[in-house]
Amino acid sequence: AQKVTQAQTEISVVEKEDVTLDCVYETRDTTYYLFWYKQPPSGELVFLIRRNSFDEQNEISGRYSWNFQKSTSSFNFTITASQVVDSAVYFCALSEAGIYNQGGKLIFGQGTELSVKP
Amino acid sequence: GAGVSQSPSNKVTEKGKDVELRCDPISGHTALYWYRQSLGQGLEFLIYFQGNSAPDKSGLPSDRFSAERTGGSVSTLTIQRTQQEDSAVYLCASSLVGGVLQETQYFGPGTRLLVL
């Protein structure tokens with residue numbers, strides 16, 4: 001079965017703290033894609049990163065970094081030196097690339113609500 | 001360039017009425033997706049269009065839900081005889097192509113539907 005689990009429902013940190021959002025996935029496919037989206041209070045889902053299953057190299061983009069580990073089926077997201085503007089709900093999503101998902105639909109986790117306080 | 005747009009942004013309707021939600025994808029994007037976001041169910045896939053055809057309708061919750069896409073561009077999601085459990089935010093996304101390439105989906109601002 002395909003499933004994405006974000007065990008942390010809510011996280012609250014103080015500005016400048018580092019914070020890691022966890023994502024664990026289950027899939028039948030050997031080829032798949034993982035995504036992170038941010039949903040600020042305005043409501044629109046904003047794309048952050050896309051990673052395919054053959055690329056386990058970690059990625060850093062400014063204060064954001066992602067750790068992809070196939071051995072533990074995890075794709076965790078770290079924000080370094082958090083800021084108030086990082087407050088949002090963050091979603092991890094999976095898209096299988098095999099015959100089970102020829103359209104590319106996304107399976108989302110339940111989301112983690114991050115609150116960064118000044 | 002312009003992103004995905006959706007209209008209306010908010011819709012309040014009475015139980016039993018029909019509603020139409022519109023999505024205008026990013027220009028040049030051939031794939032279009034509808035999702036629903038509700039408190040109880042999170043973000044759920046509804047339907048996928050490639051061009052004007054819908055190869056994957058597996059997420060439509062009942063036969064009261066239908067969608068069409070014309071000219072490979074604008075899509076309309078129709079909910080007939082609305083029920084209170086249909087209250088949710090309906091999100092549209094588009095990508096350059098659909099299918100196995102798994103291109104990134106870009107989302108619109110959503111339509112917040114409230115059924116009284």
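Numbered from 1 within each chain, the chains take letters A, B, ... in sequence-line order.
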Bottom line for B:P109: the part with an atom under 4.5 Å from chain A's heavy atoms is both

message: Walk me through whether A:D18 and A:T20 qualify under side-chain contact (heavy atoms from CB on, under 4.5 Å).
response: CA-CA 7 Å; A:D18 298 348; A:T20 295; over 6 Å; no

We want to know whether B:T76 and B:E20 form a side-chain donor-acceptor pair, criterion being a heavy-atom distance below 3.5 angstrom. no

Whatever's closer than 4.5 Å to a heavy atom in chain A on B:L91 counts as side chain

State, with a plain yes or no, whether a side-chain heavy atom of B:Y90 is found less than 4.5 Å away from one of B:K11. no

Turns out that what part of B:Y35 lies under 4.5 Å from chain A's heavy atoms comes down to side chain

Practice prompt. Give the intermediate values and the outcome of side-chain hydrogen bond (donor to acceptor under 3.5 Å, both in side chains) for residues A:E113 and A:T9.
Written response: CA-CA 6 Å; A:E113 183 171 4; A:T9 306; over 6 Å; no

Applying a strict 4.5 Å limit to non-hydrogen atoms, the region of B:S95 in contact with chain A is neither

Note: B:N52 and B:G71 closest approach over all heavy atoms is OD1-N, 3.3 Å

When the 4.5 angstrom heavy-atom criterion is applied to B:Q37 and chain A, the contacting part is side chain

Bottom line for A:F91: the part with an atom under 4.5 Å from chain B's heavy atoms is side chain

